[in-house]
Amino acid sequence: MENGAAERWGFRGNQVLDKAASITVRGVLGKVISNLNPQDRRPVITFGQGDPSAFSCFRTAPEAEEAIVEAVRSREFDSYPPDVGVLPARRAIAEYLSADLPYKLSPDDVYLTIGCGQAIELIIKVLARPGANILLPRPGYAFYEALAAANHLEFRRFDLLPEKVWEVDLEGVKALADENTVAMVIINPGNPCGNVFTHQHLKKVAETARMLGILVIADEVYGHLVFGSNPFVPMGVFGSITPVITLGSISKRWIVPGWRLGWLVTNDPNGILCKSGIVETIVSYLNICADPTSFIQGAVPQIIENTTDDFFSRIISLLGKTADICFDGLADIPCITCPHKPEGAMSVMVNLNVSLLEDIDDDMDFCMKLSKEESVIILPGFAVGMKNWLRITFATEPPSLEDGIGRIKAFCQRHAKKQ
């Protein structure tokens, strides 16, 4: 002791959280962004994150903006909201989702969250009992792995098969599962692959989950953002086969990720989630965590009711156009192979053949050097479970997309092995 000061402090950082954060998309993109060359005066082009809200062509619906203003001015939403969310918003979301289901959801099936991210955190915490494990897709969304690690929930990866349009390897799922497996995660429309599962395949997923005695967590944050041959089929359609927890938000379809309004919905006509205590634990967790902003919740009914089909059609048409630009542009780059044209969501997975490049070691090295030399940001595939692949987000304004793909092509030509 010197001047009354302790020689050893009793606190320190949580290394488990530090390690978990390092495998998130944000964590990896942060490293890539840190390698930008400040001397490059060209605009930075970001293909690393599914947030096109900065571009005027992707502006949200005016009806959504008006709903927010009206909710604020009404002064009806200045107080703390209920832990599970305000009833009108839950009712509106139940009706919105029920339109695509063979049964009707109740407002009691809907729990509001701070974006889809908190919905993921909620279900991971609910399921994270000692010894349990969860099955996650590869490639997938790294946030699931990070939260599972932070909550001491073992995760095991099943493959999505590029040769089968990124379908789930159901035999692999069966091989991974054991008596301690609690759930499997399905992301549809697909992030990061841009695929859209068929009705037939999703039914097989549900039947597999039922056989294994596990629930399906259906991440449908990109729901209805489809522009290929397969329509969007919500996993809740199969809730009578196996319990389904649907996660979603207004972030992607309405292009407002910063509004942070999401939901967790129980699709369980047979009441299995109630009998098992899952619903009770969901409510218990919501009692001890923060709530979505009250006036955003208050605006939800008008956002859903008043947004026109023209807005949704315009966004889907624009995403289809940018998906075409991305797919066609990448086809001219020999070291990059895109197994399938994206049919939904906002990103696509492409294979990187590093054997055709000089002084490029792997996908991370590719992205770091691309950032420095061309001011283009791409997510390396290892961040979503696929080494020497790349995730490219095409939800950007067409001129920027074309410019960025041109820079990638120039970079690959410059680093190509000499014949």
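Note that the structure is predicted; figures quoted are calculated from it, not measured. The figures that follow rest on heavy atoms only: side chains count, while hydrogens, waters and symmetry mates do not.
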Sub-3.5 Å donor-acceptor pair from the side chain of Thr293 to the main-chain atoms of Ile296, do we have one? no

Rounding to 0.5 Å, atoms NZ (Lys252) and OG (Ser53) come to a distance of 9.0 Å

What I want to check is whether the side chains of Asn230 and Thr198 have a donor and an acceptor closer together than 3.5 Å. no

Answer whether the closest heavy-atom distance between the side chains of Leu261 and Val300 falls below 4.5 Å. yes

Inspect the contact between Asp108 and Arg90 and indicate whether a charged nitrogen and a carboxylate oxygen are less than 4.0 angstrom apart. yes

Looking only at heavy atoms, which two atoms of Leu319 and Ala395 are closest? And how far apart? CD2-CB, 3.9 Å

Under the side-chain contact (heavy atoms from CB on, under 4.5 Å) rule, what do Leu160 and Met349 come out as? Steps first, then yes or no, please. CA-CA 11 Å; Leu160 303 181; Met349 286 293 289; over 6 Å; no

Report, as yes or no, whether the 6.0 Å neighbourhood of atom CD on Glu154 holds more than 12 heavy atoms from other residues, nucleotides or ligands. yes

Can you check whether Ile303 reaches Trp254 side chain to side chain, under 4.5 Å on heavy atoms? yes

Going from CD1 on Ile93 to OG on Ser98, what distance comes out if it is rounded to the nearest 0.5 angstrom? 11.5 Å

Where do Gly131 and Asn180 come nearest, in terms of heavy atoms and distance? O-CB, 3.3 Å

Neighbour count >12 (heavy atoms, 6.0 Å) for atom NZ, Lys203: no

Does a sphere of radius 6.0 Å around CZ in Arg210 hold more than 12 heavy atoms from other residues, nucleotides or ligands, not counting ones at 6.0 Å or beyond? no

Could you tell me whether Arg314 atom CZ has more than 12 heavy atoms of other residues or ligands within 6.0 Å of it? yes

Check Ile187 against Pro137 and note the closest heavy-atom contact, atom names and distance. CD1-CG, 4.4 Å

Whether the side chain of Ser371 engages the backbone of Cys367 through a donor-acceptor N/O pair (distance < 3.5 Å, no angle test) should be reported. no

Take atom CG in Asp309; do more than 12 heavy atoms of anything else shown fall under 6.0 Å from it? no

Does any non-hydrogen side-chain atom of Met364 lie less than 4.5 Å from one of Phe382? yes

Would you give the length of the straight line joining atom CG of Leu105 to atom OG1 of Thr266, rounded to the nearest 0.5 angstrom? 7.5 Å

Where do Val283 and Tyr111 land on the side-chain contact (heavy atoms from CB on, under 4.5 Å) test, with the steps shown first? CA-CA 8 Å; Val283 175; Tyr111 306 89; 3.9 Å; yes

Are His199 and Phe238 an aromatic pair by the rule of ring centers under 6.0 Å? yes

Is the closest side-chain donor-acceptor distance between Asp359 and His415 under 3.5 Å? yes

In terms of side-chain heavy atoms, does Thr308 have a donor or acceptor partner in Asp310 at a distance below 3.5 Å? no

About how many Å separate NE2 of His340 and CG of Asn195, when rounded to the nearest 0.5 Å? 9.0 Å

How far apart are the closest heavy atoms of Asn151 and Lys125, and which atoms are they? OD1-NZ, 2.9 Å

Do we get Arg253 above Tyr222's six-membered ring, with its NZ or CZ under 6.0 Å from the centre and within 45° of the axis? no

Does the side chain of Asp362 reach to within under 4.5 Å of the side chain of Asp365, using non-hydrogen atoms? yes

For atom CD of Glu70, decide whether the heavy atoms of other residues, nucleotides or ligands shown that lie under 6.0 angstrom number more than 12. no

NZ/NE/NH1/NH2 to OD/OE distance under 4.0 Å, Arg157 and Glu145: yes

For Ser79, does its backbone N or O pair with a side-chain atom of Ser294 as donor and acceptor, under 3.5 Å? yes

Is there a donor-acceptor pair under 3.5 Å between the side chain of Asn14 and the backbone N or O of Val16? yes

Could you label the plane-to-plane angle of the Trp263 and Tyr96 rings as parallel, tilted or perpendicular, counting under 30° as parallel and over 60° as perpendicular? perpendicular

Under a 4.0 Å threshold between the charged nitrogen and the carboxylate oxygen, would Glu65 count as salt-bridged to Arg59? yes

Quick one: does Asn188's side chain get under 4.5 Å of Asp219's, heavy atoms only? no

Given the options Leu135, Ile124, Leu136, Ile120, Val185 meets side chain to side chain contact (heavy atoms under 4.5 Å, CB included) only with Leu136

I need the minimum non-hydrogen distance between Ser240 and Pro269, along with the two atoms involved. N-CD, 4.0 Å

Please answer whether the main-chain N or O of Val72 pairs with a side-chain N or O of Arg75 as donor and acceptor at a distance below 3.5 Å. no

Looking at Glu163, I want to see if its CD is surrounded by more than 12 non-hydrogen atoms of other residues, nucleotides or ligands under 6.0 Å. yes

Can a salt bridge be assigned to the pair Arg156 and Asp178 using a cut-off of 4.0 Å between side-chain N and carboxylate O? yes

Value for CG (Asn351) from SG (Cys335), rounded to nearest 0.5 Å, stands at 9.5 Å

Would you sort out whether Ile45 and Thr396 count as a side-chain contact (heavy atoms from CB on, under 4.5 Å), showing the intermediate values? CA-CA 9 Å; Ile45 296 177; Thr396 184; 5.7 Å; no

Measure the spacing between CE of Met184 and CG of Asn133 and express it to the nearest 0.5 Å. 12.5 Å

For Gln297 and Ala89 the tightest heavy-atom approach is O-CB, 3.3 Å

Using only atom types and a distance under 3.5 Å, with no angle test, would you say the side chain of Asp109 pairs donor to acceptor with the backbone of Val265? no

Check the pair Phe366 / Phe411 against ring pair (Phe, Tyr, Trp, His ring centres under 6.0 Å), numbers first and verdict last. CA-CA 10 Å; Phe366 179 96; Phe411 174 86; 5.1 Å; yes

Can you find a pair of side-chain heavy atoms, one from Val244 and one from Asp268, that are under 4.5 Å apart? no

Can you tell if the side chain of Val182 reaches within under 4.5 Å of the side chain of Arg129, non-hydrogen atoms only? yes

Output yes when a side-chain donor or acceptor of Thr242 lies under 3.5 Å from a complementary backbone atom of Leu215, and no otherwise. no

Main chain of Met235, side chain of Glu220: is a donor-acceptor contact present, judged purely on distance under 3.5 Å? yes

Strictly by modelled atom types, are Asn35 and Lys372 linked by a side-chain donor-acceptor pair under 3.5 Å? no

Worked verdict on Thr113 versus Glu121 for side-chain contact (heavy atoms from CB on, under 4.5 Å): CA-CA 10 Å; Thr113 58; Glu121 180 181 5; over 6 Å; no

Short side-chain donor-acceptor distance under 3.5 Å, Glu397 and Ser400: yes

Asp324 bridged to Lys321 by N-O distance under 4.0 Å: no

Under 4.5 Å between any side-chain heavy atoms of Ser375 and Arg407, yes or no? yes

